[in-house]
Amino acid sequence: MDLKEFPRRRKRLMDMICEGSIAIIPTSQVHIRNRDVEYSYRPDSDFYYLTGFPEPEAVAVLIPDRTNGEYILFCRERDKKKEIWNGRRAGLEGACNYFGADDAFPIEDLDDILPNLMEDHERIYYTMGNNSGFDQRVVGWVKQVRDRVRTGVNAPDEFIALTHFLHDMRLYKSQREIKAMRKAAWISATAHKRAMRSCRPGMMEFQLEAELVHEFMVNGARAPAYPPIVGSGVNSCVLHYTENSAELNDGDLVLIDAGAEYDGYASDISRTYPVNGVFSKPQRDIYDIVLAAQGAAIKQVMPGNHWNDPHEAAVRIITQGLIDLGILKGRARTLIKEQAYSKYYMHRTGHWIGMDVHDVGDYKVEGEWRMLEPGMVMTIEPGLYFPEGMRGLAKKWWNIGIRIEDDVLVTRDGHEVLSMDAPKQVDEIEAIMAGAH
Ligand code: GLY
Ligand code: MN
Ligand code: MN
């Protein structure tokens with residue numbers, strides 16, 4: 001693993017929080033699935049971004065200008081017996097020698113050591129609300145220091161969320177991060193192609209999911225970035241459908257929203273196509289609108305444009321498209337103002353993406369939409385959804401749910417579609433499904 005970037009990140013963060021501060025960053029907890037079985041472990045993104053440390057039961061503490069070391073890692077000690085059962089641990093030595101900590105202590109000693117580290121620091125950078133048990137411990141440690149003020153120590157009197165600085169750092173991706181995201185997107189695109197080739201009426205949705213996950217893993221992505229959505233027919237109109245338990249029927253569409261996580265970075269791709277490999281006229285009519293809206297939105301991704309420009313472009317195309325098909329009636333400008341499209345397009349056009357699929361970073365700065373800058377990565381994912389039985393909607397549109405989603409990097413002179421290898425043109429999709437590719 002390339003650990004070069006982590007010390008630079010810690011240094012930058014410490015430069016921002018300044019002397020007199022202490023930052024406490026716990027990793028995520030292990031969660032029980034049932035009885036002796038755990039959910040597969042994923043470190044907390046903020047913690048991992050700063051440490052590269054993959055084990056559970058760890059807390060990073062950053063203390064700028066501390067003479068005995070600025071970066072302290074609390075983690076599990078090595079333990080021969082436990083390692084035979086559950087695998088290797090870095091231990092205190094590995095924490096320092098391999099992961100670059102200046103000092104390491106057993107995680108069991110956190111309650112004894114942290115109050116001492118807090119002494120004589122004015123500000124605590126800590127993000128409340130992720131783990132209420134840990135929140136209470138932090139408050140308890142501050143109280144312990146306060147109880148000692150008569151002995152001459154100063155207690156911290158300011159709590160600041162770490163998110164402000166840290167999440168702004170995470171919003172701008174480095175070359176190494178972009179490389180990982182490109183790979184995550186490439187793996188996912190390859191998986192989408194495999195699903196397209198495999199899709200047949202009579203299969204089950206979860207069998208398409210299996211094709212996707214197979215391709216993720218074979219290519220080195222050990223897990224999806226989020227539970228894959230494979231929704232056919234009426235399920236294509238359920239935005240976050242994950243049951244994936246229905247049969248794929250001839251004549252229906254299938255909407256797949258699936259992305260791999262690679263080296264800690266997410267991808268998030270949606271493609272929609274007919275189960276039988278050929279778009280019907282109504283399916284094609286709606287598909288063309290969503291595809292045009294997506295294209296127009298992607299065009300807006302460039303430095304100097306603001307966060308909402310792609311959404312506004314998508315909404316214009318979608319509204320006009322729905323008017324042309326007679327689904328909306330009225331003047332485009334009025335309908336956009338009234339958000340008439342939101343009955344059929346009820347989500348926004350994208351979100352930041354990075355270590356987390358819905359990644360961190362502010363969308364507005366001082367009340368204004370944020371300007372796009374090189375290194376930011378976002379999804380562009382317009383959709384249209386017409387569930388069965390929708391009032392006032394001609395039957396030919398029923399059960400058409402379409403979303404087309406790509407991951408787009410803002411570059412110096414425009415954008416790069418990281419997920420461009422996932423086919424989305426109608427001819428391309430139909431050729432792949434016919435076995436021509
Ligand atoms: N896969 C969730 C989303 O598209 O935001
Ligand atoms: Mn998605
Ligand atoms: Mn998304």
Side-chain angles (χ1 to χ4, degrees), residues 42 45 170-171 173 180-182 184-193 195-196 205-206 208-209 211-213 215-216 221 223-232 235-244 253-262 264-273 287 290-291 293-295 297-298 300-301 307-311 313-315 318 342 344-361 363 372 376-385 401-410 415-424:
R42 163 69 157 71
S45 297
R170 280 179 53 191
L171 178 57
K173 274 69 179 175
M181 293 192 73
R182 226 179 248 131
W186 178 85
I187 293 172
S188 307
T190 309
H192 276 270
K193 280 191 271 192
M196 281 175 196
E205 291 166 343
F206 57 76
L208 274 189
E209 180 182 354
E211 299 293 336
L212 294 156
V213 174
E215 199 67 28
F216 289 173
Y226 54 92
I229 295 166
V230 182
S232 62
N235 301 330
S236 66
C237 301
V238 179
L239 301 182
H240 283 174
Y241 172 79
T242 50
E243 284 168 50
N244 302 352
L253 286 173
V254 58
L255 186 160
I256 298 187
D257 181 344
E261 183 178 271
Y262 181 78
Y265 287 83
S267 58
D268 184 6
I269 304 180
S270 301
R271 291 293 183 263
T272 310
Y273 42 90
Y287 192 88
V290 179
L291 188 63
Q294 206 227 11
I298 290 175
Q300 294 296 317
V301 180
W307 166 259
N308 213 39
D309 279 324
H311 182 64
V315 158
I318 281 178
S342 65
Y344 312 107
Y345 177 34
M346 59 296 276
H347 56 82
R348 294 191 51 87
T349 300
H351 48 82
W352 303 129
I353 179 168
M355 295 182 84
D356 294 310
V357 62
H358 291 174
D359 207 30
V360 294
Y363 292 96
L372 301 179
M376 296 175 171
V377 189
M378 64 209 287
T379 66
I380 298 289
E381 51 175 309
L384 278 170
Y385 310 90
I402 294 173
R403 178 161 65 253
I404 307 174
E405 173 173 32
D406 282 295
D407 304 340
V408 185
L409 163 73
V410 185
H415 59 258
E416 175 187 335
V417 180
L418 301 178
S419 48
M420 64 190 168
D421 292 312
K424 60 184 172 185

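All ligand and atom numbering here is 1-based and tracks the order in the structure. For the numbers below, each heavy atom of this structure counts, side chains included, while hydrogens, waters and symmetry mates do not.
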Compute whether any side-chain donor of one residue and acceptor of the other, for [X] and [Y], lie under 3.5 angstrom apart.
X	Y	result
Ser270	Glu381	no
Tyr273	His192	no
Glu261	Tyr226	no
Asp268	Thr379	no

*Any donor and acceptor pair, going by atom type alone, linking the side chain of Arg271 with main-chain N or O of Pro423 inside 3.5 Å?*
yes
Under-4.0 Å salt bridge between [X] and [Y]:
X	Y	value
Glu416	Arg182	yes
Arg170	Asp356	yes
Lys193	Asp421	no

Which ligand 1 atoms does [X] reach within 4.0 Å, using its non-hydrogen atoms?
X	answer
His358	2 (C), 3 (C), 5 (O)
Asp257	1 (N), 2 (C), 3 (C), 4 (O)
Glu405	4 (O)

*Min N/O separation His351 to ligand 1 under 3.5 Å*: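 Checking ligand 1 against His351, an N or O pair does fall under 3.5 Å apart.
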*Side-chain contact test, heavy atoms from C-beta onward, threshold under 4.5 Å: evaluate it for Val377 versus Leu418 and give yes or no.*
yes
_Give me the number of protein N, O or S atoms whose distance to the Mn ion (ligand 2) is under 2.8 Å._
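For the Mn ion (ligand 2), protein nitrogen, oxygen or sulfur atoms under 2.8 Å: 4.
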*asked:* So is Arg403 touching ligand 1 or not, going by heavy atoms under 4.0 Å?
replied: no
*Nearest protein heavy-atom contact for atom 3 (C) of ligand 1: which residue, which atom, what distance?*
Asp268 OD2, 3.3 Å
*His351 near the Mn ion (ligand 3): N/O/S under 2.8 Å*: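 Looking at His351, which is the residue asked about, there is an N, O or S atom under 2.8 Å from the Mn ion (ligand 3).
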